[in-house]
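These numbers come from a predicted model, not from an experiment.
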Amino acid sequence: MSDVAQLSEPLSASDNTRSLSSIVIRNLRHNPVVVIGLIVVIAWIGLSLLAPQIAPFSRLEQNVRDRLQPPSSAHWMGTDELGRDIYS
């Protein structure tokens with residue numbers, strides 16, 4: 001059978017899925033930059049979903065009574081001159 005005839009034959013759904021997955025796995029195995037990029041993207045998505053838990057204070061909220069506080073358990077990096085949490 002010629003190559004042109006093989007290309008024109010319809011593929012079943014399982015053949016398409018298998019070939020696509022094998023191509024993806026082969027590319028991941030032979031190209032570590034893709035794996036690193038995928039890990040970075042997943043990490044950014046995870047951090048964006050956890051942002052309210054990581055930095056619980058509003059970046060705009062002012063509390064003048066807590067201004068210029070040193071680092072503590074409430075404010076990990078302290079507060080600025082307007083009492084805003086530096087870490088947030």
Side-chain angles (χ1 to χ4, degrees):
M1 190 181 277
S2 70
D3 292 335
V4 176
Q6 288 177 347
L7 291 175
S8 63
E9 290 178 8
L11 295 173
S12 67
S14 64
D15 289 341
N16 279 339
T17 306
R18 189 178 319 127
S19 64
L20 179 62
S21 62
S22 66
I23 290 170
V24 169
I25 291 171
R26 183 178 30 173
N27 284 338
L28 289 176
R29 202 177 307 144
H30 294 298
N31 195 351
V33 175
V34 173
V35 175
I36 293 170
L38 185 61
I39 290 170
V40 168
V41 168
I42 290 171
W44 277 108
I45 291 171
L47 286 173
S48 67
L49 293 174
L50 295 174
Q53 287 78 26
I54 294 171
F57 297 102
S58 170
R59 62 183 177 88
L60 301 175
E61 181 182 341
Q62 298 179 11
N63 188 354
V64 181
R65 287 180 286 159
D66 288 338
R67 65 187 211 87
L68 299 174
Q69 294 294 315
S72 66
S73 61
H75 303 284
W76 291 1
M77 294 185 176
T79 59
D80 65 0
E81 62 276 353
L82 297 175
R84 297 175 296 199
D85 185 62
I86 293 175
Y87 182 69
S88 293

Is it the case that one hydrophobic cluster holds both [X] and [Y], taking links as side-chain heavy atoms less than 4.5 Å apart, direct or via other members?
X	Y	answer
Ile86	Leu82	no
Leu50	Ile42	no
Ile39	Leu28	yes
Phe57	Tyr87	no
Ile54	Trp76	yes

- Message: Testing the basics here: between Ser88 and Pro56, what is the closest heavy-atom pair and its distance to 0.1 Å?
- Response: OG-N, 4.1 Å

- Nearest heavy-atom neighbours spanning Glu61 and Arg84: O-CG, 3.1 Å

Could you measure the distance from the [atom1] atom of [X] to the [atom2] atom of [Y]? Nearest 0.5 Å is fine.
X	Y	atom1	atom2	answer
Arg67	Glu81	CZ	CD	8.0 Å
Ser72	Met77	OG	CE	12.5 Å
Asn63	Gln69	CG	CD	9.5 Å

- Donor-acceptor contact present, side-chain Thr79 to main-chain Leu68, <3.5 Å: yes

